[in-house]
Amino acid sequence: MKLQPDQSDAQTISAHGPGWVAVGQEKITHNVVLGARGQRLEWAGSFEQLGPEHFRQIADLGVEVVIFGSGTRIRFPKPAWLASLGAARIGIETMDTPAACRTYNILAQEGRDVAVALLLDNPS
């Protein structure tokens, strides 16, 4: 019996490393929001610069769940920043950026309407 992997048209992350992610052959070196339906937004400059307006941008995408990759270590967003996601009934999970990349890919390939918001800590 021949098994073939499921095919998906979702936008997925093909690779990642310190300070970058790749979508297909394109290497992205700035903080970014990616959606399974092809959405892409440049995002906040750093964790310290995050505020409610950054999560409002994600809420406007209308996805069902957001994976927040907070960099090389887990840093939780302030509850006030997440009000727009809660009002839109959009779930959010926080993890480090490498774990967020992997989790996003799994959900996107399952056909979920998911977005990933990635902080890409640039190595010194």
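Every heavy atom of this structure was used, including side-chain atoms; hydrogens, water molecules and symmetry mates were not. Because the structure is a prediction, the values reported are computed rather than measured.
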Do side-chain atoms of [X] reach the backbone of [Y] as a donor and acceptor pair under 3.5 angstrom?
X: Thr97; Y: Leu120; answer: no
X: Gln49; Y: Ser46; answer: yes
X: Gln57; Y: Leu41; answer: no
X: Asn105; Y: Thr12; answer: no

If every non-hydrogen atom of [X] is compared with every non-hydrogen atom of [Y], which pair is closest and at what distance?
X: Pro52; Y: Ser84; value: O-OG, 4.5 Å
X: Pro98; Y: Gly71; value: CD-O, 4.2 Å
X: Tyr104; Y: Leu34; value: CE1-O, 3.9 Å
X: Ala108; Y: Ala10; value: O-CB, 3.5 Å

Interatomic distance, Arg75 atom CZ to Leu119 atom CG [nearest 0.5 angstrom]:
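The CG atom of Leu119 is 6.0 Å from CZ of Arg75, to the nearest 0.5 Å.
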Measure the CG-CD distance between Asp60 and Gln39 for me, rounded to the nearest 0.5 Å.
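It is 11.5 Å, given to the nearest 0.5 Å.
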Linked, directly or transitively: Phe76 and Ile67 (ILVMFWY side chains, under 4.5 Å)
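As far as the 4.5 Å side-chain criterion goes, Ile67 and Phe76 are not connected within one cluster.
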Linking I/L/V/M/F/W/Y whenever any side-chain heavy atoms sit under 4.5 Å apart, do Ile58 and Val23 land together?
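No, Ile58 does not connect to Val23 through the hydrophobic network.
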Is there a side-chain contact between [X] and [Y], using heavy atoms and a 4.5 Å cut-off?
X: Thr103; Y: Val116; result: no
X: Leu118; Y: Val21; result: yes
X: Val33; Y: Leu61; result: yes
X: Leu50; Y: Trp81; result: yes
X: Val63; Y: Val114; result: no
X: His54; Y: Trp43; result: yes
X: Val65; Y: Ile92; result: no

Once side chain to side chain donor-acceptor pair (under 3.5 Å) is applied, what residue pairs with a partner in residues 62-72 remain, sequence neighbours excluded?
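Non-adjacent pairs meeting side chain to side chain donor-acceptor pair (under 3.5 Å): Glu64-Arg112, Thr72-Asp121.
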Would you list the pairs meeting salt bridge (Lys or Arg N to Asp or Glu O under 4.0 Å) in which at least one residue belongs to residues 17-44, sequence neighbours left out?
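Every salt bridge (Lys or Arg N to Asp or Glu O under 4.0 Å) pair that includes a residue of residues 17-44, provided the two are not neighbours, is Glu26-Arg40, Arg37-Asp113.
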Hey, could you give me each pair passing salt bridge (Lys or Arg N to Asp or Glu O under 4.0 Å) that has a residue in residues 77-99? Not counting sequence neighbours.
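Passing the test, one end in residues 77-99: no pairs.
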Would you say the ring centroid of Phe55 lies under 6.0 angstrom from that of Phe68?
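Centroid distance Phe55-Phe68: below 6.0 Å, so yes.
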